[in-house]
A.B. asks: 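The structure under discussion is supplied below as structure tokens; questions concerning it will follow.
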Amino acid sequence: MEISQLTECEFETGELLMEHIQGLAEENAKKELDKKIRTELLRELSETVFDGDHQKVKKVLIRETQNRPEAMERYQLYEKDVKSIMRRMKSRLLPVLSCQGSQMERKLFFGSRLDYQALYDPGGRIFQNMEIVRKVDTAVALLIDLSDSMYGERIHQARLCALCLYEFCRSADIPVLIYGHHIDGKHRSVQDETVFFHSFAEFDADRGDRYRIASMETGGCNRDGAALCFVGEKLAKRPEKIRLLFVISDGFPNATRYNGKKAEEDMLRIKESLERKRITVLTAAIGSDKEQIQRIYKEGFLDISDIGQLPYVLPKQILMRIRR
């Protein structure tokens, strides 16, 4: 039958079939990708070198793979503010965007969209992806304290800041990693403590990143040293020349046998170790322990007196360092 003889109904049926095939292919690809990502993250965690009491505590990695309705609803509450802040920063972002180019990669096993010209490739290489050619040689990581003291306005601003930083970096094609951390509370023995690492966004962007970021919650206490070691090592593996690690915290570490002078000395040691790996560590201090935090981070200390400025501060810090 010639194409001209096909009925409108047959065209619609064909389109629906193609949409169904595309949906199944994308769903299967996402499941495989989620499994691959989790396996890789667990491998990274097992290979990270922790010392002192950090190697004794139990460690759990959490990464949501389903877009829960409540997370999607919460993201919608932030979306308007994120877009407003991004519009206000557009003039600063344009010089960065002008350095970008792009090219299409085809016949991939995984990608952002289907390659219809290769849909029936027997090898399953049916995806394509737009690759950005970067001249901004920068990678960014954000580590957020999710302990109970961050509850309320502080975690609200931390979510908004993380979403703005994520959108800013995505717009400039800067690889961005976003993690949160907390422990299950203090124990009599260090071996009984569990540190939770929450993967909200990995360097390879995922369409569920925004919902994971919006879903972050608080709980327990904080063992900052273990989190800095893990996220710092992930950033240290990046090839970019400029590597920035931002820390959002409202207070000093407070975990099992990990506080006061001992924690301060440990944090300073880890910070200096990361700096030897050419990582710039900066902390946004939004709580009452600012003097202690400043002693550790020194020139990397960012005093956020007005918490409402937090979503603007970190992108501005990136721009300052890119322009140097």
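Quantities reported herein were computed from a predicted structural model and do not represent experimental measurements.
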A.B. asks: Got a sec: does the NZ of Lys298 have more than 12 other heavy atoms crowding it under 6.0 Å?
C.D. replies: yes

A.B. asks: Nearest 0.5 Å, what's the CG-CD1 distance between Leu274 and Ile279?
C.D. replies: 5.0 Å

A.B. asks: Under the criterion side chain to side chain contact (heavy atoms under 4.5 Å, CB included), I'd like the reasoning laid out for Leu268 against Glu272: C-alpha separation, chi angles, the key distance, then a yes or no.
C.D. replies: CA-CA 6 Å; Leu268 180 59; Glu272 291 174 345; 3.7 Å; yes

A.B. asks: For Met216 and Ile213, run side chain to side chain contact (heavy atoms under 4.5 Å, CB included): C-alpha distance rounded to whole Å, both residues' side-chain angles, the deciding distance at 0.1 Å, then the answer.
C.D. replies: CA-CA 6 Å; Met216 68 174 68; Ile213 295 170; 4.0 Å; yes

A.B. asks: Any non-hydrogen side-chain atom of Val82 less than 4.5 Å from a side-chain atom of Arg210?
C.D. replies: no

A.B. asks: Once rounded to the nearest 0.5 Å, what's the spacing between atom CD1 of Ile270 and atom CD of Glu265?
C.D. replies: 12.0 Å

A.B. asks: Can you check whether Leu143 reaches Phe246 side chain to side chain, under 4.5 Å on heavy atoms?
C.D. replies: no

A.B. asks: Does atom CD of Glu47 have more than 12 heavy-atom neighbours, drawn from other residues, nucleotides or ligands, at distances under 6.0 Å?
C.D. replies: yes

A.B. asks: Does Asp184 reach the main-chain N or O of Thr194 with its side chain, forming a donor-acceptor pair under 3.5 Å?
C.D. replies: yes

A.B. asks: Kindly work out whether a path of hydrophobic side-chain contacts (I/L/V/M/F/W/Y, heavy atoms less than 4.5 Å apart) joins Ile62 to Leu142.
C.D. replies: no

A.B. asks: Check this for me: does any side-chain nitrogen of one of Asp51 and Arg269 sit under 4.0 Å from a carboxylate oxygen of the other?
C.D. replies: yes

A.B. asks: Is it true that Lys36 and Glu40 make a salt bridge, defined as a side-chain N closer than 4.0 Å to a carboxylate O?
C.D. replies: no

A.B. asks: Would you check if Leu177 and Val140 make a side-chain contact, meaning some heavy-atom pair closer than 4.5 Å?
C.D. replies: no

A.B. asks: Give a yes or no on whether Arg43 atom CZ has more than 12 heavy-atom contacts from other residues, nucleotides or ligands under 6.0 Å away.
C.D. replies: yes

A.B. asks: Under a 4.5 Å side-chain heavy-atom rule over Ile, Leu, Val, Met, Phe, Trp and Tyr, are Ile144 and Tyr151 clustered together?
C.D. replies: no

A.B. asks: In the single-linkage hydrophobic clustering (I, L, V, M, F, W, Y; side-chain heavy atoms under 4.5 Å), do Val247 and Phe196 co-cluster?
C.D. replies: no

A.B. asks: Taking 4.0 angstrom as the limit, do Asp206 and Arg212 come out as a salt bridge?
C.D. replies: yes

A.B. asks: In terms of heavy-atom contacts, does CZ of Arg295 have more than 12 from other residues, nucleotides or ligands at under 6.0 Å?
C.D. replies: yes

A.B. asks: Looking at Glu32 and Lys35, does any basic side-chain N land under 4.0 Å from a carboxylate oxygen?
C.D. replies: no

A.B. asks: Would you say that Phe203 contacts Leu235 through its side chain, given a criterion of any heavy-atom pair below 4.5 Å between the two side chains?
C.D. replies: yes

A.B. asks: Grab the two heavy atoms, one from Thr138 and one from Pro175, that are nearest each other, plus how far apart they are.
C.D. replies: O-CD, 3.2 Å

A.B. asks: Do Pro315 and Leu165 have side chains that get closer than 4.5 Å, going by heavy atoms?
C.D. replies: yes

A.B. asks: Any side-chain heavy atom of Gln317 within less than 4.5 Å of one from Met320?
C.D. replies: yes

A.B. asks: To the nearest 0.5 Å, what is the distance between SG on Cys169 and CG on Leu244?
C.D. replies: 9.0 Å

A.B. asks: Is there a donor-acceptor pair closer than 3.5 Å between any side-chain N or O of His181 and the backbone N or O of Tyr179?
C.D. replies: no

A.B. asks: Between Asn222 and Ile183, which heavy-atom pair has the shortest distance, and what is it?
C.D. replies: N-CG1, 4.0 Å

A.B. asks: Using distance alone, with no hydrogens and no angle criterion, decide if Arg74 and Tyr78 have a side-chain donor and acceptor under 3.5 Å apart.
C.D. replies: no

A.B. asks: So, Asp137 and Arg243, do they make that salt bridge, N to O below 4.0 Å?
C.D. replies: no

A.B. asks: Check the angle between the aromatic planes of His198 and Phe200 and answer parallel, tilted or perpendicular using the 30° and 60° thresholds.
C.D. replies: parallel

A.B. asks: Does Lys83 come within less than 4.0 Å of Glu79, counting only side-chain N to carboxylate O?
C.D. replies: yes

A.B. asks: Find out whether Glu240 and Arg278 are in side-chain contact, i.e. whether some heavy atom of one side chain is under 4.5 Å from a heavy atom of the other.
C.D. replies: no

A.B. asks: Cationic tip of Arg223 within the cone over Tyr258's six-membered ring, i.e. under 6.0 Å and within 45° of the normal?
C.D. replies: yes

A.B. asks: Please find the pair of heavy atoms, one from Arg63 and one from Glu202, that lie closest to each other, and give the distance.
C.D. replies: NH1-CG, 3.6 Å

A.B. asks: Can you confirm whether Glu193 sits close enough to Arg257 that some side-chain heavy atom of one is under 4.5 Å from a side-chain heavy atom of the other?
C.D. replies: no

A.B. asks: If I take atom CZ from residue Arg154 and atom CD1 from residue Ile307, how far apart are they, to the nearest 0.5 angstrom?
C.D. replies: 6.5 Å

A.B. asks: State plainly whether one hydrophobic cluster holds both Leu77 and Met86, where clusters connect Ile, Leu, Val, Met, Phe, Trp and Tyr through side-chain heavy atoms under 4.5 angstrom apart.
C.D. replies: no

A.B. asks: If we ignore hydrogens and angles and just use 3.5 Å, is the side chain of Lys58 paired with the main-chain N or O of Val195 as donor and acceptor?
C.D. replies: no

A.B. asks: Would you name the heavy atoms of Asp250 and Ser147 that are closest together and state the gap between them?
C.D. replies: OD1-OG, 4.3 Å

A.B. asks: Where do Ile304 and Ile248 land on the side chain to side chain contact (heavy atoms under 4.5 Å, CB included) test, with the steps shown first?
C.D. replies: CA-CA 10 Å; Ile304 313 298; Ile248 295 178; over 6 Å; no

A.B. asks: Determine whether Leu45 and Val60 fall in the same hydrophobic cluster, where Ile, Leu, Val, Met, Phe, Trp and Tyr are linked whenever their side-chain heavy atoms lie under 4.5 Å apart.
C.D. replies: no

A.B. asks: Does any N or O in the side chain of Ser84 come within less than 3.5 Å of the main-chain N or O of Lys80, such that one atom is a donor and the other an acceptor?
C.D. replies: no

A.B. asks: Are more than 12 heavy atoms from other residues, nucleotides or ligands located less than 6.0 Å from atom CG of Asp192?
C.D. replies: yes

A.B. asks: Classify the side-chain pair Asp148/His182 by whether it contains a donor and acceptor separated by less than 3.5 Å.
C.D. replies: no

A.B. asks: Identify the heavy atoms of Ile85 and Cys164 that sit nearest to each other, and give their distance.
C.D. replies: CD1-SG, 3.6 Å

A.B. asks: Are the side chain of Thr218 and the backbone of Leu146 linked by a donor-acceptor contact shorter than 3.5 Å?
C.D. replies: no

A.B. asks: Please evaluate residues Glu299 and Leu282 with respect to the criterion side chain to side chain contact (heavy atoms under 4.5 Å, CB included), reporting the C-alpha separation (whole Å), side-chain torsions for both, the decisive distance (0.1 Å), and the verdict.
C.D. replies: CA-CA 8 Å; Glu299 68 280 358; Leu282 305 105; over 6 Å; no

A.B. asks: Does Lys59 make a cation-pi contact with Phe50 (under 6.0 Å, within 45 degrees of the axis)?
C.D. replies: yes

A.B. asks: Looking at Arg68 and Ser215, what are the two nearest heavy atoms and their distance?
C.D. replies: NH2-CB, 3.7 Å

